[in-house]
Number of protein chains: 2
Amino acid sequence: MKTKENSEEILSSLANEGFRITRLRKAIIGVFTGNGLPMSADELMEILRSGNTAFNKTTVYREISFLKERGVIQEIQFLHERVKRYELASLEHHHHLVCLRCNRVEDIVLENDLAEQERSILNSKGFKVTNHMLEFHGICRGCHS
Amino acid sequence: MKTKENSEEILSSLANEGFRITRLRKAIIGVFTGNGLPMSADELMEILRSGNTAFNKTTVYREISFLKERGVIQEIQFLHERVKRYELASLEHHHHLVCLRCNRVEDIVLENDLAEQERSILNSKGFKVTNHMLEFHGICRGCHS
DNA sequence: TTGACAAACGCAACTAAGTTGCATTAAACT
DNA sequence: AGTTTAATGCAACTTAGTTGCGTTTGTCAA
């Protein structure tokens with residue numbers, strides 16, 4: 001999955017909005033831009049640790065909510081998990097295929113996505129959809145062959 | 001949303017499979033069959049409490065996973081929440097409209113659902129979808145009028 | 001280059017939501 | 001009525017995050 005933005009772009013746009021470019025902020029944005037798949041807070045900390053970046057749990061959680069509020073990353077919740085996951089918000093809009101056997105996650109882009117369904121929801125229910133969350137569960141190629 | 005099964009049917013089918021019909025099991029199944037919307041463990045306990053049904057937290061959680069494993073109820077996870085929710089599995093297959101302003105949840109049944117998308121996922125990715133989870137976020141009629 | 005200011009940080013203690021181990025109780029069959 | 005084992009209750013624990021508050025440090029202006 002390719003991203004529209006890189007680390008430098010995100011950092012300078014945050015700086016322009018008046019936020020500080022700290023050691024940890026830089027490192028965390030670096031991890032997200034270098035890593036395609038949805039990451040939990042714990043996995044993020046694992047990666048920081050393995051890169052010898054010192055951090056404090058509270059600060060990491062605060063940075064995650066900061067980046068989420070600013071729209072840099074987006075939250076994902078898989079049905080079968082209890083942790084929240086995060087990925088760059090600037091990734092192309094896509095959904096996830098979750099394999100129930102090996103737990104691997106694959107990205108997928110739908111051609112027409114759900115435009116038609118969302119139009120019909122507005123018509124029939126008066127509910128204006130601004131976003132949706134779609135997750136497919138099943139068995140991946142590797143696991144049923 | 002109408003259900004295909006009532007409390008009696010669920011209880012007698014569990015009894016046939018050799019499980020015991022206990023006071024709490026009966027009460028919990030009664031709550032689920034009498035209640036359309038997805039409930040958290042906490043809300044379930046609230047309802048039990050208000051009906052003067054004595055219970056223990058551990059037992060309620062164990063009963064929820066029992067009913068989930070037996071396929072009586074199914075788990076739902078809303079993106080913006082941290083709790084798991086549960087509803088009768090015998091409800092017609094549907095999705096949820098979650099209003100970001102008032103937090104109310106409405107059920108929706110899609111005409112063709114995602115059959116087409118799932119076919120194309122099998123063709124292009126070799127991933128056999130067995131289930132999906134779809135949640136629409138937006139503003140309900142009451143909130144934008 | 002040095003202050004000043006507030007954003008960001010670190011620590012410890014706390015919370016919410018659920019889980020585990022183990023001893024006890026009670027459905028349901030004989 | 002006795003036996004079996006599913007189901008229960010309690011206390012202690014865990015996971016995933018959150019809060020309060022005093023301290024540090026980017027950034028800008030003098």
Side-chain angles (χ1 to χ4, degrees), chain A residues 8 10-31 38-49 52-70 72-86 103, chain B residues 8 10-31 38-49 52-70 72-86 103:
Chain A
E8 305 305 312
I10 293 168
L11 286 169
S12 71
S13 107
L14 287 175
N16 285 344
E17 294 175 77
F19 301 106
R20 295 181 187 167
I21 306 311
T22 63
R23 192 184 51 77
L24 190 62
R25 177 159 295 162
K26 213 183 286 189
I28 289 178
I29 291 174
V31 173
M39 242 177 311
S40 65
D42 227 59
E43 286 168 358
L44 171 58
M45 292 190 260
E46 196 84 20
I47 293 173
L48 292 171
R49 203 175 288 119
N52 284 328
T53 303
F55 63 87
N56 170 280
K57 183 176 70 142
T58 305
T59 311
V60 170
Y61 277 110
R62 287 205 269 237
E63 189 61 22
I64 287 175
S65 44
F66 171 85
L67 294 174
K68 187 174 66 168
E69 262 153 44
R70 308 254 69 74
V72 174
I73 59 176
Q74 62 188 330
E75 194 170 82
I76 290 162
Q77 172 76 62
F78 289 136
L79 181 57
H80 63 301
E81 289 188 333
R82 63 194 287 184
V83 297
K84 303 270 182 203
R85 293 182 170 273
Y86 303 89
N103 275 322
Chain B
E8 305 304 313
I10 294 169
L11 286 170
S12 71
S13 108
L14 288 175
N16 285 344
E17 293 175 77
F19 300 107
R20 295 179 187 169
I21 305 312
T22 63
R23 190 183 53 77
L24 190 63
R25 177 159 295 163
K26 213 182 286 189
I28 289 178
I29 291 174
V31 173
M39 243 178 310
S40 66
D42 227 60
E43 287 169 356
L44 171 58
M45 291 191 260
E46 195 85 20
I47 293 172
L48 292 172
R49 203 175 288 117
N52 284 328
T53 303
F55 64 89
N56 172 281
K57 183 177 72 142
T58 305
T59 311
V60 170
Y61 277 110
R62 286 205 269 240
E63 188 62 22
I64 286 174
S65 44
F66 170 85
L67 293 174
K68 186 173 66 169
E69 263 153 43
R70 307 255 69 73
V72 174
I73 60 176
Q74 62 188 330
E75 196 170 80
I76 289 163
Q77 172 77 61
F78 289 135
L79 182 58
H80 64 300
E81 289 189 332
R82 64 194 287 183
V83 297
K84 303 268 182 205
R85 294 183 168 272
Y86 303 89
N103 275 322

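So you know, we letter chains A, B, ... as the sequences are listed, proteins then strands, and number each from 1. Hydrogens, waters and symmetry mates play no part in the numbers below; they use all other heavy atoms, side chains included.
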Inset, instruction - Please name the pair of heavy atoms, one in A:L11 and one in A:I21, separated by the smallest distance, quoted to 0.1 Å. - result: O-CD1, 3.5 Å

Inset, instruction - Tell me which of B:A15 and B:Y61 sits closer to the 5' end of DNA chain C, going by the nucleotide each one is nearest to. - result: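 It is B:Y61 whose nearest nucleotide is closer to the 5' end.
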
Of the candidate nucleotides [options], which contains the atom at the shortest distance from the side chain of [X]?
X	options	result
A:T58	C:dT19, D:dG17, D:dT18	D:dT18
A:I21	D:dA7, C:dG18, D:dT27	D:dT27
B:K84	C:dG18, D:dT8, C:dC9	C:dG18
A:F19	C:dA8, D:dT8, C:dG18	C:dA8

Indicate, yes or no, whether a donor-acceptor pair under 3.5 Å links the base of [N] to the side chain of [X].
X	N	answer
A:K57	D:dG17	yes
A:R62	C:dG10	yes
B:R20	D:dT5	yes
A:R25	D:dG26	no

Inset, instruction - Could you tell me whether a side-chain N or O of B:K84 sits under 3.5 Å from a main-chain N or O of A:L79, the two making a donor and an acceptor? - result: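 Checked: pair present.
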
Nearest-Å distance for atom pair [atom1]/[atom2], residues [X] and [N]:
X	N	atom1	atom2	answer
A:N16	D:dC28	CG	P	10 Å
A:L24	C:dC11	CG	P	13 Å
B:F55	C:dG18	CZ	C1'	14 Å
B:I64	C:dT19	CD1	C1'	13 Å
A:R23	D:dT27	CZ	P	14 Å
A:D42	D:dG17	CG	P	8 Å
B:K68	C:dG18	NZ	C1'	11 Å
B:Q77	C:dA16	CD	C1'	14 Å

Legend entry - Pairwise side-chain contact, A:Q77 with B:F78, heavy-atom cut-off 4.5 Å (strictly under):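 No, too far: nothing below the 4.5 Å cut-off.
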
Legend entry - Any A:V60 side-chain heavy atom under 4.5 Å of A:L48 side chain: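 Contact flag for A:V60/A:L48 side chains = yes.
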
Legend entry - Six-ring centre of B:F66, B:R70 cation under 6.0 angstrom, axis tolerance 45°: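 The answer is yes; both the distance and angle limits are met.
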
Legend entry - Sugar-phosphate, base or nothing in reach of B:A41, heavy atoms under 4.0 Å: sugar-phosphate

Inset, instruction - Indicate, with a heavy-atom threshold strictly under 4.0 Å, whether B:T22 touches base, sugar-phosphate, or nothing. - result: sugar-phosphate

Inset, instruction - Output yes when at least one side-chain N/O atom of B:N56 is less than 4.0 Å from OP1 or OP2 of D:dT8, else no. - result: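 Checking B:N56 against D:dT8: no side-chain N or O falls below 4.0 Å of OP1 or OP2.
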
